[in-house]
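Order of the sequence lines sets the chain letters (A, B, ...), proteins ahead of strands, with each chain counted from 1. Basis for what follows: all heavy atoms, side chains included, without hydrogens, waters or symmetry-related copies. Here the structure is a predicted model, which is why all the values come from computation and not from measurement.
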There are 2 protein chains.
Amino acid sequence: MSDLRKKIIQTALPLFEAKGFHGVSVNEIVEQVGTSKGGFYHHFSSKDELLFVIHDTFISYVLENAEKANAEFNSPTDKLQAIVRSFVKVFDLYKPHISVFYQEHIYLRPAYELQIKQKRDQFKQIIMQAIEEGKQCGEFRQDISVEITGMAILGMVNWTYKWYQREGVKTIEEIGDIFVDLILHAILHERFLDQNAFASILLSQK
Amino acid sequence: MSDLRKKIIQTALPLFEAKGFHGVSVNEIVEQVGTSKGGFYHHFSSKDELLFVIHDTFISYVLENAEKANAEFNSPTDKLQAIVRSFVKVFDLYKPHISVFYQEHIYLRPAYELQIKQKRDQFKQIIMQAIEEGKQCGEFRQDISVEITGMAILGMVNWTYKWYQREGVKTIEEIGDIFVDLILHAILHERFLDQNAFASILLSQK
DNA sequence: TCATACAGACCAACCAGTCGGTTTATCGTG
DNA sequence: CACGATAAACCGACTGGTTGGTCTGTATGA
């Protein structure tokens, strides 16, 4: 990929994050980059395409990782753990992307929106399926709602983009561990919850 | 409050929710309402004020409820339960407000932004304090991080605005119950987690 | 008569996107 | 290596359209 294209994306990202898609004009972007309107529109067909590219790089990465984790592990507990851990890490790598993703998705043109939605739904499906499996094979509690629990987990993790800071007291890995701990305490079947069994499950993944 | 002012807010809300603050022009709003630019600017000093009012009605309501719940109960478990339950209910009452709140807050002018941020921080503080108390008095696990757990709970609940639908299979009260159940399983001290003790805590609130 | 409520033509500012033109890199050929 | 040609990369003045906000005027009710 061309250098200028990369530089435009890198420059636009924090601007969008801070001021929103409509708070930043193309003129402002090209000025910051040190290029021109011509340069911009040589690499992007529209301002919307820039927005789409930002969305897509993030969601593609997340989906890929989730599919890997999903394929690698067998037990639902291990699967869910791996998915959550890798998902949380993304918030360190792609925080600006994610902020833009969740704040500005309304402004995506329908054709773009559709592509993004498909990948997002796939990702959601992977999580829901892991919970469903865990319920059926008895690792998770029988009395949890798959749908609501899935959305609760998604919400808990997704919300990280609102508050996570690289300079904070906890590293992203620590945050991931805490999330996994909370989730497993919340949904694991009682028989796995005594100290030793639980510790061994937690450690099995590290 | 004047009828027209109310009607403008009610009309603008779903428009902002669907198309975003910048996707809806003042002309479009006044056309839908059946009034004129003059009518609009007689009641609002700017388009931004309309955005602020939407933010403020929601966050003020949430904060008020949380303060009530906080004052009414003594044990941290009861407090946290009541706060979460009342918070979740808000997503049924104020869903459009909340969508706008989380999607368009970047576009608030600094002076408005500051007012909103203060109330939001107060609310956050109430939750954090409840968790801290629960830890100290032994109702909650000793090994949880107050900050991260608090943000996890906030995220789980806040994210509801992305998926909750009034016509869905679960009512908002049921969703609230599930959230409380997940949270308490995740953070309650083990000694409260055997079936009977837990059921009694859950029921004590209903 | 006077203030409040509303109407709607109007304006300055801004913005995404275009387009003719210029520079720079690439490469085949003698 | 030199040279010319072809295309890709980039420049920036310009435009058509839209937007938030203003201002003068009118109607209504106390």
Side-chain angles (χ1 to χ4, degrees), chain A residues 1-56 100 103-113 116, chain B residues 1-56 100-101 103-113 115-116:
Chain A
M1 207 202 317
S2 123
D3 279 354
L4 183 56
R5 191 177 154 100
K6 277 187 198 167
K7 198 171 175 189
I8 288 172
I9 296 173
Q10 290 309 317
T11 309
L13 257 172
L15 290 175
F16 285 163
E17 190 184 7
K19 307 202 273 176
F21 183 67
H22 289 283
V24 184
S25 69
V26 176
N27 274 317
E28 199 177 339
I29 295 170
V30 299
E31 201 178 313
Q32 282 264 338
V33 172
T35 180
S36 63
K37 276 281 183 71
F40 182 93
Y41 282 97
H42 181 73
H43 289 286
F44 296 94
S45 70
S46 65
K47 196 186 173 191
D48 297 71
E49 196 202 327
L50 175 56
L51 184 61
F52 168 74
V53 169
I54 292 171
H55 275 64
D56 193 63
V100 174
Q103 264 155 28
E104 315 292 334
H105 67 101
I106 313 181
Y107 300 115
L108 276 175
R109 286 197 196 143
Y112 288 142
E113 164 83 53
I116 298 296
Chain B
M1 209 201 316
S2 126
D3 280 354
L4 183 58
R5 189 177 156 102
K6 278 186 198 166
K7 197 170 176 188
I8 288 173
I9 297 173
Q10 289 309 317
T11 309
L13 257 172
L15 290 175
F16 285 162
E17 190 185 5
K19 307 203 273 177
F21 183 66
H22 284 95
V24 183
S25 69
V26 176
N27 275 317
E28 198 177 339
I29 296 170
V30 299
E31 201 178 312
Q32 282 265 337
V33 172
T35 182
S36 63
K37 277 283 185 71
F40 181 93
Y41 281 97
H42 180 72
H43 290 287
F44 296 94
S45 69
S46 66
K47 196 187 173 191
D48 298 71
E49 196 202 327
L50 174 55
L51 184 62
F52 169 72
V53 169
I54 291 171
H55 275 62
D56 192 63
V100 175
F101 183 86
Q103 265 154 29
E104 315 292 333
H105 67 101
I106 313 179
Y107 301 116
L108 276 176
R109 286 196 197 142
Y112 288 142
E113 165 83 52
Q115 287 184 61
I116 298 297

Which residues within residues 2-24 of chain A lie with some heavy atom under 4.0 Å of an atom in DNA chain C?
->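 Contacting residues: Val24(A).
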Find out whether Ile116(B) and Asp56(B) are in side-chain contact, i.e. whether some heavy atom of one side chain is under 4.5 Å from a heavy atom of the other.
->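 Yes, their side chains come closer than 4.5 Å.
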Base, backbone or nothing for each nucleotide of nucleotides 17-24 of chain C, written B, S, -, heavy atoms under 4.0 angstrom, 5' to 3'?
-> BB------
Could you check Phe101(B), Tyr107(B), Tyr112(B) and say which one makes a ring-ring contact (aromatic ring centres under 6.0 Å, His included) with His55(B)?
->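 Answer after filtering Phe101(B), Tyr107(B), Tyr112(B): Phe101(B).
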Between CD on residue Gln115(B) and CZ on residue Arg109(B), distance to nearest 0.5 Å =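 The CD atom of Gln115(B) sits 12.5 Å away from the CZ atom of Arg109(B).
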From Ile106(A) CD1 over to Phe21(A) CZ, what is the distance, rounded to the nearest 0.5 angstrom?
->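 Reported to 0.5 Å precision, the distance equals 12.5 Å.
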Is the side chain of Glu28(A) donor-acceptor paired with the backbone N or O of Val24(A) at a distance under 3.5 Å, no angle test?
->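 Side chain of Glu28(A) to backbone of Val24(A), a donor-acceptor pair under 3.5 Å: no, none is there.
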Side-chain donor-acceptor pairs under 3.5 Å in residues 1-12 of chain B, sequence neighbours left out?
{"unit_1": "Ser2(B)", "atom_1": "OG", "unit_2": "Leu4(B)", "atom_2": "N", "d": "3.1"}
{"unit_1": "Ser2(B)", "atom_1": "OG", "unit_2": "Arg5(B)", "atom_2": "N", "d": "3.2"}
{"unit_1": "Arg5(B)", "atom_1": "NH1", "unit_2": "His43(B)", "atom_2": "O", "d": "2.9"}
{"unit_1": "Thr11(B)", "atom_1": "OG1", "unit_2": "Lys7(B)", "atom_2": "O", "d": "2.6"}

Mind checking which nucleotides bracket the chain A contacts on DNA chain D, 5' to 3', with an atom under 4.0 Å from a heavy atom?
->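 Using the under 4.0 Å cut-off, the span is dA9(D) to dA13(D).
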Apply the test side-chain contact (heavy atoms from CB on, under 4.5 Å) to residues Phe16(B) and Ile29(B): give CA-CA distance (whole Å), side-chain angles for both, the deciding distance (0.1 Å), then the verdict.
-> CA-CA 10 Å; Phe16(B) 285 162; Ile29(B) 296 170; 4.0 Å; yes
More than 12 heavy atoms of other residues, nucleotides or ligands under 6.0 Å from CD of Glu31(B): is that the case?
->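 Counting neighbours around CD of Glu31(B), 12 or fewer heavy atoms of other residues, nucleotides or ligands fall under 6.0 Å, so no.
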For residues 23-42 of chain B, pull every pair meeting ring pair (Phe, Tyr, Trp, His ring centres under 6.0 Å), keeping only residues two or more places apart or in separate chains.
->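 Every pair satisfying ring pair (Phe, Tyr, Trp, His ring centres under 6.0 Å) with a residue in residues 23-42 of chain B: Phe40(B)-Phe44(B).
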Gln103(B): what forms a side-chain hydrogen bond (donor to acceptor under 3.5 Å, both in side chains) with it, not counting sequence neighbours?
->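 With neighbours one apart ignored, the set is empty.
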